[in-house]
Structures are given as C-alpha cells and as structure tokens.
Colleague: 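Take a look at this one; I'll ask things after.
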Amino acid sequence: MFSNSRRILSCVKISHHFLSRNGSNNSTVKKRVQDVGHKVSKEIKSYALTKYVDYVRNYDKILEVRFPKAMKVYRVFSVGIKELYHDTKAFVKVKTLIRNAKKNGGGIHCLGLKDMEIFYRMPREMLRVSPVLLISALPFANYIIFPLAYLLPKQLLSSHFWSLQQRLDFALHDHKKCVQHFRPVFRCMQARISSVSAKNIEEKLSKILSKLASGVHPTVEEILDLKILFQGEPFHLNCLYPRHKNQLLKVHGMHTLWSRRRRLSQRAEEILNKDRALKREGVVSLSLEELRSACFIRGLNPSNMRIEDMAKYLERWIAVSVHVEPSTYSLILHCPILLAYNQPTNRVLIQ
C-alpha cells in the first residue's frame with residue numbers, strides 16, 4: 001500500500017519539476033509531462049484495482065466482523081445444503097444400484113457399509129428437513145424459518161447442518177432416553193422365565209439374567225445357547241406381551257403408536273444388514289465418528305471410551321448377529337440389554 005502511494009507521489013513531483021524548470025511552451029517538456037501523467041494514471045488504476053480485489057477477497061471476513069451471528073447462520077446453511085445435496089445424489093445412486101441388483105437376483109446385501117448407511121439414513125433425514133426447505137421457498141419466509149431452524153437444529157434440520165459436537169450431543173441425548181428402558185425390558189424378560197418349557201433352557205435363561213442383575217454380562221456362547229427362545233415362546237416378536245414390545249421399541253428409539261411388530265422387524269433387518277457389511281469391511285475400517293455412531297445404534301454409549309473398547313464391543317455384537325436369521329430377529333433387538341446393560345458408560349446415564 002505504502003510503496004504504491006510513494007510511487008504516485010514521486011511521479012507527481014517529477015511532473016511539477018519539469019513544468020517549473022522548462023515552462024509550459026516547451027514541447028519536449030509537455031511530452032514528458034504527458035508520459036508522467038499517463039504513468040500516474042496507470043499507477044492510480046493499478047492501486048485502486050488491487051485495493052478492490054483485496055476488499056472483495058476479504059469481504060466475508062468483513063461481514064463476519066460486522067454481522068457475526070448472520071454469517072454463522074449463513075455458513076451453517078451453505079455447508080449443510082451442499083452436504084445434503086451430495087448425500088441425496090448418493091441416495092438416488094444407491095437406490096438405482098439396489099434396483100439393478102434385484103433384477104439379477106441380488107439386493108441390498110451387495111452394498112458397502114457407507115452406501116448402506118446412506119440408504120437407511122437419508123429417508124429420515126430428508127423427511128426431517130423437507131418442511132424447512134419447502135417453507136423457505138415461500139416469499140420472505142426464509143427470513144423467519146432459517147433463524148428458527150438454526151435455533152432448533154435437532155427438531156428442524158438434518159445432521160448435515162449439525163457440527164461434530166452437535167452430532168455427538170444429540171446422539172447422546174437420544175441414547176440417554178433409550179437407556180432408561182433397558183431395565184423395563186430386563187424385567188419383562190425375567191417375568192417370562194416360567195414360560196420356558198424346557199428345564200435346561202430355563203436354567204440357562206435364569207443364569208444369564210442373574211448375571212445381568214449382578215453387574216456381569218453373559219458370554220457370546222451363553223447368549224447363542226438361548227437362541228431357540230427367540231424363535232418361539234417366549235421372546236419371538238409374535239409372542240412378546242404389549243408392554244415388552246413397547247419397551248423394546250423405546251430401547252431402539254421408536255414410537256409405540258402403530259405397526260409395532262412390523263417396525264421392530266424392520267429395525268432388526270436394518271441392524272443385521274449393517275452388521276454383515278461391517279463384518280465384510282472390518283471394524284478397523286471405521287473412522288472415529290463412524291465408530292461412535294455404530295456403538296450408539298447398537299446400544300452402547302461410546303462417550304469417553306477408548307477406540308479399542310468400542311471395537312471390542314462391536315466385535316462381540318457381530319459374533320452374535322452372524323447367527324441371527326429372520327426367525328430370530330428378536331434376539332438382535334434384545335442384544336443392547338444382553339451386551340450393554342451393565343456397561344459403565346450406560347450406567348452413568350441412568351443414575
């Protein structure tokens with residue numbers, strides 16, 4: 001800035017010098033003065049253009065200083081819209097892949113874990129954010145709906161508009177509500193011990209529930225020994241009492257108003273499909289955020305847990321889920337209680 005100013009001033013001084021020394025009638029002096037004037041004009045234009053470019057380049061910073069709250073809202077929505085658009089395109093692509101796979105006798109099982117996450121997650125995300133996007137299209141409505149959505153991101157916006165900290169906080173908030181229903185499901189399981197006809201299976205069920213009551217989790221082998229109980233009486237989805245079914249829905253973060261058995265079956269299918277993809281790709285392929293999300297989905301609070309402990313929990317879960325078929329969907333739905341009931345990070349949320 002200062003160098004440009006000094007050059008301009010020096011050019012002006014030179015022009016004055018020539019005028020005062022040689023007079024205004026000297027043609028050589030006039031030519032030199034014209035050259036100097038032309039140079040001064042170029043210097044001024046160059047200086048003005050440089051300042052303008054710098055101003056435009058840093059205009060977002062200027063706005064951020066003058067209107068910090070407005071710029072923060074702008075950044076949230078500009079980044080969120082881009083991510084939502086990207087994932088919506090990916091969702092359409094995944095739907096096409098599944099449609100083509102079904103024609104060849106395949107299906108969703110051909111998808112990788114990330115594509116499967118998009119397939120299951122995006123319909124809920126699009127449903128949540130659609131009202132905001134539709135209302136914002138109305139004249140002047142965006143001046144109201146965007147600030148309101150910014151104040152209530154969990155209720156009105158999809159995860160694309162959330163920061164990493166918000167994603168963790170919201171997931172923890174939802175998980176805390178789910179954990180409150182672990183004990184009621186455990187009590188429902190205890191109440192059905194007498195419904196088991198085979199004496200040896202009844203003893204195994206009593207042993208597992210006693211372990212859970214004393215703060216210990218059963219082994220994978222012990223859980224699989226009870227697989228038969230989830231194929232019929234007393235824990236098949238068709239055999240669950242209404243209260244047991246309602247509490248199980250709440251464990252998985254679902255409402256209890258209608259189609260309870262069908263929605264439980266769909267949730268079990270979703271978890272199992274993700275488990276199969278996770279087994280193919282390996283737990284080590286997950287990023288930290290994906291690892292935490294996988295634990296939340298499977299009933300574990302990953303807050304303040306080491307990566308090794310989260311991975312170990314997922315491996316135990318998969319060791320059970322690989323033995324689950326459609327006839328035993330109920331088993332995978334009860335795994336949050338069988339595998340995470342006494343996890344310290346979960347117990348903290350109950351106290």
Colleague: Minimum heavy-atom separation for Glu83 and Arg167, please, with both atom names.
Modeller: OE1-NH2, 3.5 Å
Colleague: In terms of heavy-atom contacts, does NE2 of His173 have more than 12 from other residues, nucleotides or ligands at under 6.0 Å?
Modeller: no
Colleague: Donor-acceptor check, side chain of Thr328 to backbone of Val324, threshold 3.5 angstrom: yes or no?
Modeller: no
Colleague: Are Leu157 and Arg128 packed together at the side-chain level, in the sense that at least one heavy-atom pair is separated by less than 4.5 angstrom?
Modeller: no
Colleague: State which residues pass salt bridge (charged side-chain N to carboxylate O under 4.0 Å, His left out) with Lys93; sequence neighbours excluded, sorted by chain then number.
Modeller: none
Colleague: Hey, does His255 have a side-chain heavy atom less than 4.5 Å from the side chain of Leu249?
Modeller: no
Colleague: Determine whether a donor-acceptor pair (N or O, by modelled atom type, separation under 3.5 Å) exists between the side chain of His236 and the backbone of Ser330.
Modeller: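 Not a single qualifying donor-acceptor pair exists.
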Colleague: Say whether Arg263 and Gln266, considering side chains only, have a donor N or O and an acceptor N or O under 3.5 Å apart.
Modeller: no
Colleague: May I ask you to decide whether Lys154 forms a salt bridge with Asp169, counting only side-chain N to carboxylate O separations under 4.0 Å?
Modeller: no
Colleague: For the side chain of Ser206 and the backbone of Glu202, is there at least one donor-acceptor N/O pair under 3.5 Å apart?
Modeller: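 Side chain of Ser206 to backbone of Glu202: a pair is present.
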Colleague: Using distance alone, with no hydrogens and no angle criterion, decide if Asn246 and His181 have a side-chain donor and acceptor under 3.5 Å apart.
Modeller: no
Colleague: Quick test of your reading of the model: are Glu325 and Lys227 salt-bridged, counting only N-O distances below 4.0 Å?
Modeller: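 Salt bridge: yes.
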Colleague: Please determine whether the number of non-hydrogen atoms from other residues, nucleotides or ligands lying under 6.0 Å from atom NE2 of His323 exceeds 12.
Modeller: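 Result for NE2/His323: enclosed.
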Colleague: List the atom of Leu224, the atom of Val320, and the distance in Å for their closest heavy-atom pair.
Modeller: CD2-O, 4.1 Å
Colleague: Do side-chain atoms of Glu290 reach the backbone of Ser287 as a donor and acceptor pair under 3.5 angstrom?
Modeller: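 Between the backbone of Ser287 and the side chain of Glu290 there is a qualifying donor-acceptor contact (under 3.5 Å).
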Colleague: Ignoring hydrogens, what is the shortest heavy-atom contact between Met122 and Asp87? Give both atom names and the distance.
Modeller: SD-CB, 3.6 Å
Colleague: Got a donor-acceptor contact below 3.5 angstrom from the Tyr329 side chain to the Leu264 backbone?
Modeller: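 Absent.
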Colleague: In plain terms, say whether Glu222 and Lys204 are close enough for a salt bridge, that is, a side-chain N and a carboxylate O under 4.0 Å apart.
Modeller: no
Colleague: State the CD1-CG distance between Ile318 and Leu278, to the nearest 0.5 angstrom.
Modeller: 3.5 Å
Colleague: Using a 6.0 Å cut-off, check whether atom CZ of Arg280 has over 12 heavy atoms from anything other than its own residue.
Modeller: yes
Colleague: If you define the side chain from C-beta out and look only at heavy atoms, does anything of Ser159 sit under 4.5 Å from Arg121?
Modeller: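 Counting from C-beta outward, Ser159 and Arg121 do come under 4.5 Å.
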Colleague: Within the supplied structure, the quantity of interest is the number of heavy atoms (other residues, nucleotides, ligands) at a distance under 6.0 Å from Asn304 CG; does it exceed 12?
Modeller: no
Colleague: Using the ring of each side chain (for Trp, its six-membered ring), is His334 parallel, tilted or perpendicular to Phe235, with breaks at 30° and 60°?
Modeller: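 Rings of His334 and Phe235: tilted, 30 to 60°.
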Colleague: Should Cys110 and Leu97 be marked as a side chain to side chain contact (heavy atoms under 4.5 Å, CB included) after you check the CA-CA gap, both sets of side-chain angles, and the distance that decides it?
Modeller: CA-CA 9 Å; Cys110 66; Leu97 286 174; 5.7 Å; no
Colleague: Do other residues, nucleotides or ligands put more than 12 heavy atoms under 6.0 Å from Arg260 CZ?
Modeller: yes
Colleague: What do the steps show when you test Val94 against Ile108 for side chain to side chain contact (heavy atoms under 4.5 Å, CB included), and what is the final call?
Modeller: CA-CA 9 Å; Val94 168; Ile108 192 172; over 6 Å; no
Colleague: Crowded around Phe170 CZ? As in, over 12 foreign heavy atoms under 6.0 Å?
Modeller: yes
Colleague: Which atoms form the tightest heavy-atom contact between Pro336 and His252, and what is the distance?
Modeller: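 Nearest pair, atom of Pro336 first, then His252: CG-CE1, 3.9 Å.
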Colleague: With a 4.0 Å cut-off on N to O distance, would you call Arg124 and Glu117 a salt bridge?
Modeller: no
Colleague: Please assess Asn342 against Val216 for the test side chain to side chain contact (heavy atoms under 4.5 Å, CB included), listing each intermediate value before the final yes or no.
Modeller: CA-CA 7 Å; Asn342 292 308; Val216 181; 5.6 Å; no
Colleague: Using modelled atom types only, decide if a donor and an acceptor are shared between the side chain of Trp317 and the backbone of Cys335 within a distance under 3.5 Å.
Modeller: no
Colleague: Using the rule given for side chain to side chain contact (heavy atoms under 4.5 Å, CB included), can you reason through Val79 versus Phe161, listing the C-alpha separation, both sets of side-chain angles and the distance that settles it, and then say yes or no?
Modeller: CA-CA 7 Å; Val79 172; Phe161 300 86; over 6 Å; no
Colleague: Specify the closest pair of heavy atoms between Tyr313 and Arg298, including all atoms of both residues, with the distance to one decimal.
Modeller: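 Taking Tyr313 first and Arg298 second, the nearest heavy atoms are OH-O, 2.7 Å.
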Colleague: Is the shortest distance from a Lys or Arg side-chain nitrogen in Lys199 or Glu203 to a carboxylate oxygen in the other one below 4.0 Å?
Modeller: no
Colleague: Please answer whether the main-chain N or O of Gln343 pairs with a side-chain N or O of Arg347 as donor and acceptor at a distance below 3.5 Å.
Modeller: no
Colleague: Under 4.0 Å between a side-chain nitrogen and a carboxylate oxygen: does that hold for Asp309 and Lys312?
Modeller: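 Salt bridge between Asp309 and Lys312, a charged N being under 4.0 Å from a carboxylate O: no.
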Colleague: Do Gln166 side-chain atoms and Ser163 backbone N/O form a donor-acceptor pair below 3.5 Å?
Modeller: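 At least one qualifying donor-acceptor pair exists.
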Colleague: Is it the case that more than 12 heavy atoms not belonging to Leu133 sit under 6.0 Å from its CG atom?
Modeller: yes
Colleague: Test your reading of the model: is there a side-chain donor-acceptor pair from Asn273 to the backbone of His109, 3.5 Å cut-off?
Modeller: no
Colleague: Looking at Val179, is its backbone amide N or carbonyl O close enough to the side chain of Asn346 to form a donor-acceptor pair, meaning the two atoms are under 3.5 Å apart?
Modeller: no
Colleague: What pair of heavy atoms forms the shortest contact from Pro218 to Lys211, and how long is it?
Modeller: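 Between these two residues, the closest heavy atoms are CA-CD, 4.2 Å.
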Colleague: Is there any salt bridge (Lys or Arg N to Asp or Glu O under 4.0 Å) pair reaching into residues 231-243, and which pairs are they, with sequence neighbours excluded?
Modeller: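 Checked against salt bridge (Lys or Arg N to Asp or Glu O under 4.0 Å) - neighbours excluded - the pairs reaching residues 231-243 are Arg192-Glu233.
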Colleague: Could you check whether Arg267 pairs with Glu270 (Lys NZ or Arg NE/NH1/NH2 to Asp/Glu carboxylate O, under 4.0 Å)?
Modeller: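 Yes.
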Colleague: Going only through I, L, V, M, F, W and Y residues with side-chain contacts under 4.5 Å, is there a path from Ile193 to Leu248?
Modeller: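 Result: yes, single cluster for both.
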